[in-house]
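Working notes for the structure below.
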Amino acid sequence: MPALPDSPSIAAALGVVRERIAAAARAAGRNPDQITLVAVSKTHPAAAIAAAISAGQAVFGENRVQEAEQKFPALLATHAETRVHLIGGLQTNKAATAVRLAHTIETLDRPRLAEAIADAAQAAGKSPTLLVQINIGDEPQKSGISTAGADAFIRAMHSRFGAALQGLMCIPPANLDPAPFFRRLVQLADSHGLPIRSMGMSADFEAAIAEGATHVRIGSAIFGAREVHGK
Ligand SMILES: *Cc1c(COP(=O)(O)O)cnc(C)c1O
């Protein structure tokens with residue numbers, strides 16, 4: 001188990017991250033209010049999330065449906081303003097749980113998953129906000145729709161889901177300058193009129209904000225290092 005950061009250190013780390021987001025926004029001539037911090041709490045216990053909520057954090061990211069299902073219903077019962085974003089690869093057999101639990105699914109990346117989400121949304125009588133994950137570096141080991149297939153897939157998702165489709169998400173290749181990849185995601189979102197651009201993690205969120213991120217997904221800079229799953 002990773003050492004559990006105590007509540008004061010989570011609150012302090014959140015404060016530092018918020019300051020860095022605001023500074024990056026101002027440096028880019030943007031309003032810091034245009035950027036949503038998604039605090040990535042995967043692998044961290046509910047107590048760490050509760051500490052972040054106490055420090056004013058409302059939006060959280062998890063990459064596994066089952067783990068989110070264990071941690072969030074109790075937190076949502078007492079903190080109704082909390083929002084859950086699913087940011088990990090989603091199996092079709094988890095779509096129903098994902099639709100019930102999540103306010104945003106950031107990893108829509110293939111037609112079969114779209115069908116499972118659409119069926120689940122109809123059954124649940126509600127649809128989460130949806131982002132299409134783009135494999136922006138066309139890396140074979142990464143999930144997301146290929147850049148070549150992106151236009152057609154985004155158009156299909158728009159006709160399938162209408163206004164629930166709100167944006168794009170990406171994880172650029174490691175060990176390369178992320179800026180050109182962020183730029184490409186923003187261009188793609190612009191060309192489809194999609195307002196949400198989820199990009200940037202602990203190591204590169206300032207570059208993402210400079211290129212136009214509306215959502216940054218930040219884990220280790222807030223909660224500390226992870227030891228186990230959840231790359
Ligand atoms: C884990 C994860 C993050 C957060 O990564 P950090 O480097 O800890 O900030 C962001 N996005 C996705 C998709 C992740 O899986």
Side-chain angles (χ1 to χ4, degrees), residues 1-5 9-10 12-21 24 35-45 48-49 51-52 55 57 59-69 71-72 83-91 94 98 101-110 113 128-139 141-145 166-178 181-182 185-186 189 196-211 213-231:
M1 286 285 287
L4 176 58
S9 70
I10 289 173
L14 261 173
V16 170
V17 166
R18 287 193 190 116
E19 296 256 320
R20 287 174 59 189
I21 290 171
I35 295 146
T36 299
L37 168 58
V38 180
V40 177
S41 49
K42 64 188 184 196
T43 79
H44 295 288
I49 300 167
Q57 181 62 29
V59 185
F60 294 88
E62 290 280 342
N63 68 338
R64 294 186 172 192
V65 175
Q66 247 163 328
E67 182 182 339
E69 177 76 349
K71 294 190 289 191
F72 276 92
R83 292 289 174 266
V84 180
H85 286 222
L86 287 175
I87 61 172
L90 185 56
Q91 294 170 263
K94 302 270 168 57
L101 181 72
H103 303 87
T104 299
I105 295 174
E106 298 204 8
T107 51
L108 176 56
D109 66 353
R110 57 197 193 280
L113 178 60
T129 295
L130 299 172
L131 310 186
V132 168
Q133 181 175 0
I134 309 292
N135 186 353
I136 201 72
D138 290 314
E139 298 170 278
Q141 80 283 11
K142 275 213 180 116
S143 48
I145 192 90
Q166 282 283 306
L168 307 180
M169 175 272 217
C170 76
I171 307 170
N175 310 319
L176 287 181
D177 176 7
F181 297 98
F182 291 149
L185 191 85
V186 168
I196 296 182
R197 300 89 202 269
S198 173
M199 56 190 206
M201 320 199 330
S202 291
D204 59 11
F205 69 89
E206 280 132 330
I209 289 168
E211 299 299 337
T214 62
H215 289 59
V216 289
R217 309 178 308 269
I218 301 180
S220 48
I222 297 169
F223 294 107
R226 293 176 298 272
E227 272 178 20
V228 270
H229 71 84
K231 333 181 290 160

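Please read these numbers as outputs of a predicted model, since none were measured by experiment. One-based numbering, in listed order, for ligands and for the atoms of each.
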Which ligand 1 atoms are under 4.0 Å away from a heavy-atom of [X]?
X: Ile218; answer: 9 (O)
X: Ile87; answer: 11 (N), 12 (C), 13 (C), 14 (C)
X: Ile171; answer: 13 (C)
X: Ser202; answer: 6 (P), 7 (O), 8 (O), 9 (O)
X: Arg217; answer: 4 (C), 9 (O), 10 (C), 11 (N), 12 (C), 13 (C)

Verdict with supporting geometry, Leu168 and Leu131, side chain to side chain contact (heavy atoms under 4.5 Å, CB included): CA-CA 5 Å; Leu168 307 180; Leu131 310 186; 5.9 Å; no
So for Lys42 against ligand 1, with non-hydrogen atoms under 4.0 Å, the contacting part is side chain
Counting heavy atoms under 4.0 Å, the part of Met169 that contacts ligand 1 is side chain
Practice problem: Provide the closest heavy-atom pair for Glu62 versus Ile49 in the form atom of the first, atom of the second, distance. | Solution: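 Here Glu62 and Ile49 meet closest at OE2-CD1, 4.0 Å.
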Nearest heavy-atom approach of Leu185 to Ile136 is N-CD1, 3.9 Å
Residue Glu139 excluded, over 12 heavy atoms near CD under 6.0 Å | yes
Only one of His85, His215, Arg217 passes side chain to side chain donor-acceptor pair (under 3.5 Å) with Ser198, and that residue is Arg217
With the threshold set at 4.0 Å, does a side-chain nitrogen-carboxylate oxygen contact exist between Glu67 and Lys42?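 Salt bridge: no.
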Exercise for the section: Could you tell me whether some N/O pair between Gly219 and ligand 1 is separated by less than 3.5 angstrom? Expected result: yes
